[in-house]
Amino acid sequence: MKPVKTIILALALCLAMASSGLSASTINWTTLEAAQDSVKNGDKLVYLHFYTDWCGYCKKMDASTFKDPKVVKYLNDNFLSVRLNPEKSDAAKKMASKFYVRGFPANGFSNDGLAPLSTNSGLAISPGFMPPEQFMVMLEYLGSKSYDKITLKDFMSQRK
């Protein structure tokens, strides 16, 4: 009887570890409306990821950048993350226009979820695929609110 209890305990422990790791390995995507409501209550910025279903680089970003543990943790801790497909809704199409999206993927940052964040380096909008390392620089620059003090270029040179 004792080996059965040991096996059940081991399985329960494995399941608990797997489920706790699962939540930390995915980005907590939210809706635009929820982000706009939540941003009023805290100090997180809104991250908007514009994508389409047919976009190869969007899929590549999903498979690599959005699976990177550092990116996932930093986004979940410091941003309200929203995925928008302008081909699927008028609201997403309207946001893409406000964020000057001309291709996919595109990454936008906002302090209110309504308009692009203005930084010392210009508007916080980045077109195209970003590998995890490059994306982390952008996230840290914006998440640390360094954009109020220095340009992205200066931030990057200080990181070295």
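By convention here, the first residue in the shown sequence is residue 1.
- Between the OH atom in Y141 and the CZ atom in R159 there is a gap of 13.0 Å [rounded to 0.5 Å].
- Rounded to the nearest 0.5 angstrom, N111 CG and S118 OG are separated by 9.5 Å.
- Within a 6.0 Å radius of CG in D148, more than 12 heavy atoms belonging to other residues, nucleotides or ligands are found.
- For T52 against C58, the heavy-atom pair with the smallest separation is N-SG, 3.8 Å.
- From C55, atom SG reaches atom NZ of K60 across 11.0 Å, with rounding to the nearest 0.5 Å.
- Formation of a donor-acceptor pair under 3.5 Å by the T65 side chain with backbone atoms of M130 is found in this model.
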Report the C-alpha distance between K67 and V72 in whole Å, list the side-chain angles of each, state the deciding distance to 0.1 Å, and finish with yes or no for side-chain contact (heavy atoms from CB on, under 4.5 Å).
CA-CA 7 Å; K67 297 289 187 222; V72 170; 6.0 Å; no
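- Within 6.0 Å of NZ on K149 lie more than 12 heavy atoms contributed by other residues, nucleotides or ligands.
- Here the closest heavy-atom approach between residue H49 and residue P105 is recorded as CE1-CB, 3.6 Å.
- Heavy atoms only, all atoms of each residue included: M156 and V137 are closest at CG-CG1, 3.6 Å.
- The number of heavy atoms from other shown groups lying within 6.0 Å of NZ (K93) does not exceed 12.
- Put simply, the residue from Y47, Y74, F129 that forms a ring-ring contact (aromatic ring centres under 6.0 Å, His included) with F135 is Y47.
- Of the possible donor and acceptor atoms, one in the side chain of N76 sits under 3.5 Å from a partner among the backbone N and O of N28.
- The two residues A106 and G103 come nearest to each other via the heavy atoms CB-O, 3.7 Å.
- Note that CG of L32 and CE of M95 are 5.0 Å apart. Values are rounded to the nearest 0.5 Å.
- Under a 4.0 Å N-O distance rule, the pair D53/K88 qualifies as a salt bridge.
- Atoms NZ and CG, from K145 and L117 in turn, are 8.5 Å apart once rounded to the nearest 0.5 Å.
- Summarising the geometry, atom CG belonging to L48 is positioned 12.0 Å from atom CZ belonging to R83; distances are rounded to the nearest 0.5 Å.
- Scanning both residues, A92 and F50, for their nearest heavy atoms gives O-CE2, 4.2 Å.
- Scanning both residues, F99 and S110, for their nearest heavy atoms gives CZ-CB, 3.9 Å.
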